[in-house]
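Working notes, structure below.
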There are 2 protein chains.
Amino acid sequence: MADGDIRVLVVEDEAIAAEAHAAYLGRLTGFVHAGTAGNGHSALRALTAAASAGTPIDLVLMDMTLPDLHGLDVSRRMRAAGLTTDIIAITAVRELQIVRGAVAAGIVQYLIKPFTYATFAQKLVQYREFRKQLGSQSVVTSQTDVDHAFASLRTPTELPRPKGLSEGTLGAVIEFLKLQTAPVSSSEVMEQLGISRVTARRYLEHLADTGSLDRSPRYGTPGRPENEYAWKRLTQ
Amino acid sequence: MADGDIRVLVVEDEAIAAEAHAAYLGRLTGFVHAGTAGNGHSALRALTAAASAGTPIDLVLMDMTLPDLHGLDVSRRMRAAGLTTDIIAITAVRELQIVRGAVAAGIVQYLIKPFTYATFAQKLVQYREFRKQLGSQSVVTSQTDVDHAFASLRTPTELPRPKGLSEGTLGAVIEFLKLQTAPVSSSEVMEQLGISRVTARRYLEHLADTGSLDRSPRYGTPGRPENEYAWKRLTQ
DNA sequence: CACTGTTGCGGTCATATTGGTCACGACCGG
DNA sequence: CCGGTCGTGACCAATATGACCGCAACAGTG
């Protein structure tokens with residue numbers, strides 16, 4: 001395992017699901033499957049054992065429905081034991097009360113079963129970004145630094161397509177952007193797709209706002225700087 | 001108090017700060033100041049008392065530096081006692097470890113002192129939105145519902161920027177300055193970011209005026225003295 | 001040595017330039 | 001006829017440019 005990899009404990013009573021989670025983990029860089037626990041008590045034992053062995057767990061993928069304890073109880077006991085390990089809840093339970101409790105228990109992500117690999121990967125990549133944000137900072141942190149770190153836990157799930165954007169055009173813009181190696185400006189999108197600059201911008205801005213695109217100004221020429229956009233590739 | 005208002009407990013040892021927080025609360029609709037505690041133990045007592053009295057606290061504004069317990073300890077004990085009250089941390093401490101611990105302790109927002117009313121209001125409004133998101137849902141919750149609730153908690157609503165300054169450029173300048181170990185001149189910022197000297201100065205001056213940068217003239221060379229700027233690292 | 005004019009460089013300001021932004025009308029499908 | 005999508009043109013905002021100003025170092029003069 002590479003230094004700085006995130007050590008993950010899978011807590012899941014169904015063997016098939018546990019294996020699936022571990023397999024998913026293997027497909028993501030930066031994560032290491034550090035073990036599996038089938039119930040709450042063994043999870044707690046594994047966590048304390050790993051901590052005292054000098055190889056602490058960084059992240060727990062915690063199923064909420066366990067044979068002995070509820071996942072939230074496991075989380076609370078972890079906190080009571082002084083463990084600051086981060087937790088991603090994985091559950092088929094959709095009750096409001098559980099979600100509220102999860103927030104209070106310091107759960108960083110909430111995954112609802114059944115989920116696709118894409119959803120799983122998205123949540124974990126977000127968590128990895130969150131860690132990177134905090135880790136790259138010096139000891140001193142500003143309000144904006146903290147805000148940004150919290151924001152990277154934010155989900156860039158596609159908001160329902162706002163008014164004024166059509167399915168077809170959006171698809172065309174995305175397809176075009178994926179083909180580009182260098183960032184493109186709205187003018188280039190306008191030319192290549194044969195749509196107006198305003199329309200091109202509408203779609204580019206939407207994609208940038210939802211986190212699918214990187215946006216940065218292009219300097220050097222007189223006049224207001226032109227934004228250029230690049231498809232954000234989630235590194236796997 | 002209107003039904004559905006958010007009952008807030010202020011935990012702060014300095015009386016002046018506690019009063020200020022309560023006064024800030026009064027200016028926000030939807031929040032009710034439900035009491036003040038000067039130390040960790042009285043905070044815990046107040047919380048349990050309020051819960052058993054049938055008027056539970058919904059939110060705690062928790063200072064991290066208290067005379068008896070650390071704010072994080074208070075949070076952990078609250079969790080251990082089964083309280084799912086939400087917590088906003090208010091602190092002058094900027095240590096990375098505290099931020100990480102705060103996340104694990106289920107702290108929903110992190111406010112760094114000193115803060116303006118605008119920042120304070122922003123964080124609380126975000127929290128109110130978060131509650132509204134979850135409260136309006138039915139019992140059954142979808143992945144996107146949860147994602148949106150989390151997003152409203154963690155998406156920073158950007159603060160107003162003076163005219164003439166763009167978000168992208170400001171971010172680029174700040175990022176560049178944080179990487180520097182030695183003070184930099186406007187010419188160096190110009191070269192490295194590919195922007196004009198005038199533009200570089202506009203952003204540097206703004207940051208210096210708002211207190212984010214140290215500014216001092218650089219003598220020794222012929223010509224008018226050149227200002228050099230350094231990111232202000234608060235040692236604490 | 002003191003004073004003074006010169007020189008050189010960065011700060012300052014006005015202006016031109018360009019893309020972003022907004023409001024509205026055209027067009028199209030139901 | 002109506003809701004939704006797109007283009008158009010006027011206006012707004014952020015930038016580069018270049019002329020001008022201010023300040024410190026420097027060199028020459030008394």
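Since we're looking at a predicted model, the values are computed, not measured. Excluded from the calculations below are hydrogen atoms, water molecules and symmetry mates; all remaining heavy atoms, backbone and side chain alike, are included. Every chain is numbered from 1 and lettered A, B, ... according to where its sequence line falls, protein lines coming before strand lines.
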Measure the distance from [atom1] on [X] to [atom2] on [N] and round it to the nearest whole Å.
X	N	atom1	atom2	value
B/Glu205	C/dG11	CD	C1'	9 Å
A/Glu226	D/dA13	CD	P	19 Å
A/Tyr219	D/dT15	OH	C1'	9 Å
A/Tyr229	C/dG19	OH	C1'	10 Å
A/Arg201	D/dT5	CZ	C1'	17 Å
A/Leu193	D/dC6	CG	P	12 Å
B/Leu170	D/dA13	CG	P	17 Å
B/Arg202	D/dT17	CZ	C1'	13 Å

**OP:** Could you tell me which residues satisfy salt bridge (charged side-chain N to carboxylate O under 4.0 Å, His left out) with B/Arg215, sequence neighbours excluded, listed by chain and number?
**Re:**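 B/Arg215: salt bridge (charged side-chain N to carboxylate O under 4.0 Å, His left out) contacts with B/Glu205, B/Asp209.
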
Original post:
Which residue lies toward the 5' end of DNA chain C, A/Ser187 or A/Val198, if each is placed at its nearest nucleotide?
Top reply: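 In this pair, the answer is A/Ser187.
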
NA contact type, [X], heavy-atom cut-off 4.0 Å: base, sugar-phosphate, or nothing?
X	answer
B/Arg197	base
A/Ser186	sugar-phosphate
A/Thr169	sugar-phosphate

Phosphate OP1/OP2 of [N] contacted by [X] side-chain N/O (<4.0 Å):
X	N	result
B/Ser166	D/dT15	yes
B/Lys163	D/dA14	no
A/Arg224	D/dC12	no
A/Thr199	D/dG7	yes
A/Tyr203	D/dC6	yes

Subject >> Derivation of the salt bridge (Lys or Arg N to Asp or Glu O under 4.0 Å) call for A/Glu129 and A/Lys132 >> reply: CA-CA 5 Å; A/Glu129 287 302 308; A/Lys132 204 171 75 181; 3.6 Å; yes

Original post:
Does the ring of B/Phe31 carry B/Arg128 above it, NZ/CZ under 6.0 angstrom from centre and within 45° of its axis?
Top reply: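 No; the conditions do not both hold, so B/Arg128 does not lie above the ring face of B/Phe31.
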
**OP:** Rounded to the nearest 0.5 Å, what's the gap from CZ on A/Arg7 to CG on A/Asp5? Could you check?
**Re:**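 One finds 9.5 Å between CZ of A/Arg7 and CG of A/Asp5.
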
**OP:** Return the nearest nucleotide to the side chain of B/Pro222; candidates are D/dA25, D/dA16, D/dG7.
**Re:**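 Selected nucleotide: D/dA25.
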
Original post:
Is there a donor-acceptor contact under 3.5 Å from the side chain of A/Asp214 to the main chain of A/Ala230?
Top reply: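 Judged by distance alone, no pair lies under 3.5 Å.
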
